[in-house]
Each structure stands twice: as C-alpha cells, then as structure tokens.
Amino acid sequence: MNRRQTIPAHLRYTIDNFRRDYPTDDVCLEAIKNQRYPGGVTFCSGCGQDRKLYRVAKRTAYACERGHQFYPLAGTIFEKSTTALHIWFYAMYLMGSTRCGISAKQIQRETGVTYKTAWRMFKQIRSLLSETDMQLEGSTIEIDETYVGGKRKNKHGSRGMRGRDNDEKTPVFGMVERGGKGRVIAFVTPDVKAATLFPIIEEKILPSSTVYSDEYSVYDRLATPANGYDHRRIKHAQKIYVMGDVHTQTIEGFWSLVKRGIGGVYHSVSKKYLQTYLNEYSFRYNRRDQGNLIFSAILERVSQKASEKPSAPVVQNQTL
Ligand SMILES: [Zn+2]
C-alpha cells in the first residue's frame with residue numbers, strides 16, 4: 001500500500017518544488033492561459049485570425065495586439081471565486097500530494113481562508129476528478145462491493161449486512177485492474193443487486209478478462225454464457241482470503257484507503273458527496289506512481305472541464 005515511498009527522486013514533487021513553480025497569482029494565471037491557449041496563441045474572432053496573447057495589467061485577462069480581450073478563467077472553477085489563485089493552486093497541490101485525503105481545516109489553518117471557503121474549494125476541485133468515464137483494460141480485474149459511512153461495521157462474512165438491513169451505509173462498487181496500469185473505478189450505487197452491478201461490469205470490463213470476486217451470489221452470473229467472463233472467486237465466508245492468485249486484496253486495499261480517509265480526515269461524508277470523494281481517491285490511486293504529474297493532471301482537468309471552450313473566448317473590443 002505504501003507505494004508513495006517508491007516514487008523515484010526525479011518524479012517527486014515537494015512543497016518546495018511547488019512553491020518554486022507557482023509563487024504568485026500571475027504565474028498561476030499564466031499556467032492556465034497556456035493550457036487554454038496553447039503556446040499563448042489563439043484564434044481571435046475580433047481579428048479573424050490567430051493572435052498571440054499578451055497580459056492585460058491588473059486584470060485576469062489577456063489581449064491580442066488590437067486589444068480584443070480573453071479571460072482564461074472563464075468557465076473554470078476559479079472564475080467566480082474571490083480567493084487568490086495561488087491559494088487555489090495550493091489546495092490542488094495538497095489534494096494531489098496526500099495519500100489519505102486532506103481536510104478543509106488544514107488549508108484554513110495554513111492560508112487563512114475561512115473553513116467554509118476551504119470546504120467549497122475542495123468540493124469544486126473534487127468535482128473535476130471523475131474517473132468513471134474510463135474503460136478498464138487489464139486482462140485481470142478484481143471486483144468488490146462494500147458499504148461506506150454509517151455506524152455499523154461491515155466485515156468479512158457478515159452477509160446479512162447487504163441490502164435492506166443496511167440502510168445507514170451507502171453501497172459502493174469497485175473494479176481494479178491487477179497488474180498493468182492498476183487503475184480503479186468506483187461507483188456509489190443504489191444497491192448491490194445484479195440489475196445494478198452488471199450494466200457497470202459489462203460497460204467497464206472487457207469480455208475476455210478474468211474477474212476475481214468473493215462469493216457473493218450476485219457474481220454467479222459472471223461466468224454464464226451471456227457474460228462469459230473467466231470468473232474466479234475466493235471464499236471469504238470460510239475465512240479464506242487468498243488462494244494463490246485468487247483474492248480480492250487489491251480492491252480491498254483501495255476500500256481501506258477510502259474508509260480510513262473518510263473516517264480519519266473527513267469524519268463523515270454525506271451520501272450526496274460520496275461519489276466525488278470516491279473520484280478523488282480514485283484519481284490519486286490511478287496516478288500513485290506519477291509523483292509530480294498528479295498536480296499537472298488536476299490542473300489539466302480545470303481546463304478540460306471548463307464550461308466555456310477556449311475556442312469561444314470572451315472578446316471585448318477595448319483599447320489597452
Ligand atoms: Zn484580436
């Protein structure tokens with residue numbers, strides 16, 4: 001689990017590295033500009049041609065040589081915020097560099113923003129981190145369902161916990177590639193019935209994959225001709241957790257990371273936000289060997305998920 005320590009030195013991204021790279025609001029704005037307008041050049045509809053952009057003093061704007069203005073923050077999570085851009089960047093850095101999650105309290109303490117602001121910032125950043133669009137590619141996949149939140153324990157063998165007598169907890173379903181890229185996808189689901197889980201399984205797991213699960217009866221149909229997966233299962237009820245390569249310890253490791261984080265850092269997470277927390281944990285987990293690239297990946301999401309495309313910028317005909 002403790003794979004962060006194995007990141008080679010050249011991939012590490014320390015707080016000193018971060019502070020060197022993003023010391024001021026201007027530098028942060030420049031980074032977003034360069035993402036949204038690669039090379040600092042974009043098509044200017046005012047001029048009808050590609051133009052190089054120059055910074056407009058005292059504004060979060062750039063302009064072409066004829067004064068048509070472009071706002072790289074338009075449509076991003078930063079657009080309407082009064083919080084300084086470098087504090088947003090620091091929040092993204094923290095979220096990318098932690099293993100078990102980061103509390104709003106910490107950024108409140110370190111930057112002086114209010115707790116409410118800190119909480120909202122993390123919520124906004126988390127909203128960018130969805131990992132549920134991707135397709136698993138590994139030939140070997142572990143799947144497992146569990147319950148998050150609530151007060152009752154959910155341990156191995158407690159099969160009575162599933163379903164209706166388990167209202168306090170939220171069901172979640174996860175799939176992880178074993179070997180290869182080792183990526184995880186996790187969903188909050190309304191329940192753990194076959195009708196709920198199988199559409200997800202069929203969408204995300206290639207038919208030729210070998211699928212490892214525990215003995216939960218819903219998984220019986222993995223190997224039916226309709227699904228045709230090579231299905232191996234471990235008998236947790238008989239207190240067997242590993243038999244050769246038959247186990248689900250990779251996905252269980254991910255669950256324990258999520259539960260430790262939500263219990264320890266976030267204390268509790270309402271059902272409404274649980275998917276975004278799963279996204280946050282999945283996003284980091286799926287880049288756990290990438291060190292310095294995690295922050296860049298979060299920053300990229302800011303541009304990718306901006307509601308306005310940079311090809312349709314705000315243009316104002318204004319003299320500099
Ligand atoms: Zn122009």
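Atoms within a ligand are numbered from 1 in the order they appear, just like the ligands themselves. These numbers come from a predicted model, not from an experiment. Positions are given from 1, in the same order as the sequence printed here. What you see below is based on every heavy atom in this structure, not just the backbone, and it leaves out hydrogens, waters and symmetry mates.
A salt bridge is defined here as a Lys NZ or Arg NE, NH1 or NH2 lying under 4.0 Å from an Asp or Glu carboxylate O, and Lys235 with Glu215 fails to meet this definition.
Glu110 places no side-chain N or O within donor-acceptor distance of the main-chain N or O of Tyr90, the cut-off being under 3.5 Å.
Taking the ring centre of Tyr277 as origin, the terminal cationic atom of Arg126 falls inside the region bounded by 6.0 Å and 45° from the ring axis. By the 6.0 Å and 45° rule, Arg221 stacks over the aromatic ring of Phe198.
Closer than 2.8 Å to the Zn ion (ligand 1) sit the protein N, O or S atoms Cys44 SG, Cys47 SG, Cys64 SG, His68 ND1.
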Side chain to side chain donor-acceptor pair (under 3.5 Å) between Tyr216 and Asp144, worked out:
CA-CA 9 Å; Tyr216 179 35; Asp144 194 26; over 6 Å; no
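Under the ring pair (Phe, Tyr, Trp, His ring centres under 6.0 Å) test applied with Tyr93, the options Phe18, Tyr22, Trp88 reduce to a single match, Phe18.
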